[in-house]
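A short worksheet on the structure shown next.
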Amino acid sequence: MPPRYALIDCNNFYASCERLFRPDLRDRPVVVLSNNDGCVIARSAEAKALGIPMGTPYFKCRGLLRRHGVTVFSSNYALYGDMSARVMGVLARFCPAVAVYSIDEAFADLTGVPGGADAFSRRLKATVEAWTGIPISIGIGPTKTLAKLANRLAKGHPRLRGVFDFAASPDPDRLLRHTPIDAVWGIGRRHAARLVRYGVGDALAFRDMDPVWVRRKMSVTGLHTLLELRGQPCHTLADGPAARKTIVSSRSFGRPVSSLEDLREATALHMVRAAEKLRRLRAVAACVHVFLRTNPFRPGLPQHNDSASVPLAVATAHTPTLIRAAHAGLERIHKEGFEFKKCGIMLSGLEPVNGRWLSLLDLPPQDTPTHVPTMQIVDDLNARWGRDTVTFAAVGRPDAAWHMRRDMRSPRYTTAWTELPVARA
DNA sequence: TCTGGGGTCCTAGGACCC
DNA sequence: TCTGGGGTCCTAGGACCC
């Protein structure tokens, strides 16, 4: 039996989350902005119909949004993350095998499900929607690439009611011919433009290209896409997110920053977040990277982009040690006289905490084993009483001017006791 | 005034070694 | 005059994904 992959994803996920606790916004245009209220990253169907493009800078479409009475939200990742976990929980409960692919998508292996993939998927869709309130679409195919393509069709044709099985089509070539090349999973803007120049404008034409040419010009990843369109699986379910190799934390500033003092605070805050994630993964990091950026949209201003890497003597998840390393790197790359727009840190050389190599001779004094319980206590307090109940002085004041803007954030309805929705009698 | 953030994989080319 | 060849490791840059 050929494999039956499903790609299950949430419709307009962030916008759908925002509407969950705002029934007054049902059937209304809603958009969600990126961090710092920078650009539009999610739109309800009604907002899409108004012609608001994905990724538009907010300041460029503010007038249009206001004219059409669009409700605008800053991003609320506490809410989206929690709703995502609920949706994924339902999928895990009913599907034989699931691989979470992103905050709003998962692949599942539906090979051999009782009653067939289509009927199973319709029941699954109804259950997710009833239990979480988040609408989803499901595409099914013999490969992940075709499941993605089927998902796109399920969304585009209301007649299909949100579920489509590519293998059920009497004329699959026609479906491929009507799929533009840049809508194929794995073909990005650059390759799409190039293929169009060669006269390859849709998925069918790409499928029938010479694999040798594709391998040479688009590397093995392009070849895999081609083969998957032919129904030959190159990606298995387990292929998804393997063991993480890096952790990044970075943000644009709410306003430009120049002083080393502010940059030290911002860097420390990024490191606090990254180290929390590191410990949640039960991992330690062997190397710290720091980077600084000026504003690329202001080429008239003096530009300075740089990064520094600081290897650690011993891989660790100890926040103060990691902050010290980041600050050492920062001092190497900071220069006076620039308006910085963004900074960030990256942790690399991740390894599981249990498999960790330890040399007693090389152990720096600040990384003695007694600090592991210290970090454990900090994490436990913050889990019990809320984020940043206990934090580090190096991060500075929470009201510092450089923090990101998010003036239109909705309440954290499902994750903060103080922000629960209130029902009136 | 105002343009997101976090990841992965692949390849080419240089450094280095024998 | 003349200046190997092959393997490995690392990094930067490109391309893609959400």
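Fair warning: this is a prediction, and the values are worked out from it, not measured in the lab. Convention: sequence-line order gives letters A, B, ...; per-chain numbering from 1.
- Side-chain atoms of A:Ser219 lie closest to B:dC10 of the nucleotides B:dC10, B:dT3, B:dC9.
- Out of C:dC18, B:dG4, B:dG6, the shortest distance to the side chain of A:Ser102 is found at C:dC18.
- Using a 4.0 Å heavy-atom cutoff across all strands shown, A:Ile187 reaches sugar-phosphate atoms only and no base atom.
- Taking the six-membered ring for Trp, A:Phe206 and A:Trp185 have ring centres at least 6.0 Å apart.
- Atoms CD1 (A:Ile247) and P (B:dG5) sit 18 Å apart, rounded to a whole Å.
- A:Arg405 places its CZ atom 11 Å from the P atom of B:dG5, with the value rounded to the nearest Å.
- The residues A:Arg280 and A:Asp379 are annotated as not salt-bridged, no charged nitrogen and carboxylate oxygen being separated by less than 4.0 angstrom.
- Nearest to the side-chain atoms of A:Val220 among the listed nucleotides B:dT11, B:dG4, B:dG7 stands B:dT11.
- Remark: the separation of the P atoms in B:dT3 and C:dC18 is 25 Å, to the nearest Å.
- Summarising the local packing, CZ of A:Arg28 is surrounded by 12 or fewer heavy atoms from other residues, nucleotides or ligands at distances under 6.0 Å.
- A donor atom on one side chain and an acceptor atom on the other are not found under 3.5 Å apart for A:Lys342 and A:Asn295.
- Rounding to whole angstrom units, CG of residue A:Asp104 and C1' of C:dC17 are separated by 12 Å.
- A:Arg216 comes within 4.0 angstrom of no nucleic acid atom, judged by non-hydrogen atoms across all strands.
- In this structure, the nucleotide among B:dG4, B:dG6, C:dC18 sitting nearest to the side chain of A:Ser249 is B:dG6.
- The phosphate of B:dG6 has OP1 or OP2 within less than 4.0 Å of a side-chain N or O from A:Ser250.
- Side-chain nitrogen and oxygen atoms of A:Arg194 include none within less than 4.0 Å of the OP1 or OP2 phosphate oxygen of C:dG14.
- In this structure, A:Arg189 places its CZ atom 14 Å from P of C:dC18, rounding to the nearest Å.
- Taking 4.0 angstrom as the limit, A:Lys342 places none of its side-chain polar atoms (N or O) nearer than this to OP1 or OP2 of B:dT3.
- As judged by a 4.0 angstrom heavy-atom cut-off over every strand, A:Phe297 is placed among the base-contacting residues.
- What separates NE2 of A:His403 from P of B:dG5 is a distance of 14 Å, to the nearest Å.
- Distance from the side chain of A:Lys245 is smallest for B:dT8 among the nucleotides C:dC18, B:dT8, B:dG4.
- Between A:Phe73 atom CZ and B:dG4 atom C1' the separation is 19 Å, expressed in whole Å.
- Remark: A:Arg251 is in phosphate contact with B:dG6, judged by side-chain N or O atoms under 4.0 Å from OP1 or OP2.
- Dashed line: the shortest gap from a side-chain N or O of A:Ser252 to OP1 or OP2 of B:dG5 is under 4.0 Å.
- Comparing A:Ser34 and A:Thr221, the nucleotide of DNA chain B nearest to each residue sits closer to the 5' end for A:Ser34.
- A:Ile103 comes within 4.0 angstrom of nothing in the nucleic acid, heavy atoms only.
- Rounded to an integer number of Å, the gap from A:Phe206 CZ to C:dC16 C1' is 13 Å.
- Closest to the side chain of A:Arg244, out of B:dG4, C:dC18, B:dG6, is B:dG6.
- The shortest distance between the side-chain N/O atoms of A:Arg298 and the OP1/OP2 oxygens of B:dC2 is below 4.0 Å.
- Put simply, A:Lys148 has a side-chain N or O that comes within less than 4.0 Å of OP1 or OP2 on C:dC18.
- The side chain of A:His191 lies closest to C:dC16, out of B:dG4, B:dC2, C:dC16.
- Within 4.0 Å of A:Val40, counting heavy atoms only, lies no atom of the nucleic acid at all.
- Between A:Thr246 and B:dT8 there is a side-chain N or O to OP1 or OP2 distance below 4.0 Å.
- Heavy atoms from other residues, nucleotides or ligands lying under 6.0 Å from CH2 of A:Trp385 number 12 at most.
- Taking atom OH on A:Tyr14 and atom C1' on B:dG4, their separation rounds to 10 Å, with Å as the unit.
- Looking only at atom types and distance, the side chain of A:Glu228 has no donor-acceptor partner in the side chain of A:Tyr5 under 3.5 Å away.
- The partner of B:dC18 is C:dG5, by the rule that a Watson-Crick or G-U pair needs both atom distances under 3.5 Å.
- With B:dT3, B:dT8, C:dC16 as the choices, the nucleotide that has an atom nearest any side-chain atom of A:Arg190 turns out to be C:dC16.
- The phosphate of B:dG4 has neither OP1 nor OP2 within less than 4.0 Å of any side-chain N or O from A:Lys341.
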